[in-house]
Amino acid sequence: MFPMKGMSPKQMQKMMKQLGIKMEELEGVKEVIIRFENKEIVIKEPAVTMIAAMGEKSYQVVGKEEVREILNIPEEDIKLVMEQANVDYETARKALEETKGDLAEAILKLQGA
């Protein structure tokens, strides 16, 4: 594809510039989050490079990943736990998260049973 072997970084940059390709290291990036419906991939303190070519931008991300599961708790479930355990919204939501959405377990936990 490209004759890169033995090419200095400066020569490489010059060749890429001639081809209309721009690369830039992004400074100060603290984390990159890729969100899915039921999980997140979090890359903390990543090395991120932006590559611009032919009017499009691409990003290269390098770093250690952490996968987090996301529990989608319906509002009706939170309201039910609030009513049954006589607690506020955040307390009910947190209890449901801790019990992985189990209504009965969340209510019993909040009632001290």
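What you are looking at is a predicted structure, and each value in this text was computed from that prediction instead of being measured.
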task = Assess whether side chain to side chain contact (heavy atoms under 4.5 Å, CB included) is satisfied between T49 and E24, documenting all intermediate values.
result = CA-CA 6 Å; T49 303; E24 177 184 342; over 6 Å; no
request  = Walk me through it: do M12 and M16 pass the test side chain to side chain contact (heavy atoms under 4.5 Å, CB included)?
outcome  = CA-CA 6 Å; M12 176 71 87; M16 290 177 70; 3.9 Å; yes
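Residues I107 and Q111 meet the side-chain proximity criterion, which asks for heavy atoms closer than 4.5 Å. Using a 4.5 Å cut-off on side-chain heavy atoms (C-beta onward), E98 and K109 make contact. Put simply, the side chain of E40 reaches to within 4.5 Å of the side chain of I70, judged on heavy atoms. For the pair R68/E66, a side-chain contact is recorded, criterion being any heavy-atom separation below 4.5 Å from C-beta on. By the 4.5 Å heavy-atom criterion applied to side chains, F36 and I41 are counted as neighbours. Contact check for V48 versus V32: side-chain heavy atoms found under the 4.5 Å cut-off. Within the 4.5 Å cutoff, the side chain of Q13 has no heavy atoms near those of the M15 side chain.
In this structure, the separation between NZ on K44 and CD on E65 is 13.5 Å, given to the nearest 0.5 Å.
Note on L26: it clusters hydrophobically with V61, by side-chain heavy-atom contacts below 4.5 Å among ILVMFWY residues. The hydrophobic clustering, which links ILVMFWY residues whose side-chain heavy atoms are closer than 4.5 Å, places I34 and V29 together. Hydrophobic clustering (ILVMFWY, side-chain heavy atoms < 4.5 Å, transitive): M50 and I21 are in distinct clusters. Side-chain heavy atoms closer than 4.5 Å link hydrophobic residues (I, L, V, M, F, W, Y) into clusters, and following such links, possibly through other members, connects L110 to L71.
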Ignoring hydrogens and angles, write down the donor-acceptor pairs under 3.5 Å from the side chains of residues 72-88, residues two or more places apart or on other chains.
from	atom 1	to	atom 2	distance (Å)
N72	ND2	E37	O	3.2
E75	OE1	Y89	OH	3.2
E75	OE2	Y89	OH	2.7
D88	OD1	E90	N	3.3
D88	OD1	T91	N	2.8
D88	OD1	T91	OG1	2.7

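The existence of a salt bridge linking K39 and E69 is excluded, since no basic side-chain nitrogen approaches an acidic carboxylate oxygen closer than 4.0 Å.
Distance alone, capped at 3.5 Å, places no donor-acceptor pair between the E56 side chain and the A53 backbone.
Other residues, nucleotides and ligands place more than 12 heavy atoms under 6.0 Å from the CD atom of Q18.
Minimum interatomic distance between A106 and T99 (heavy atoms only, all atoms of both residues): CB-OG1, 3.6 Å.
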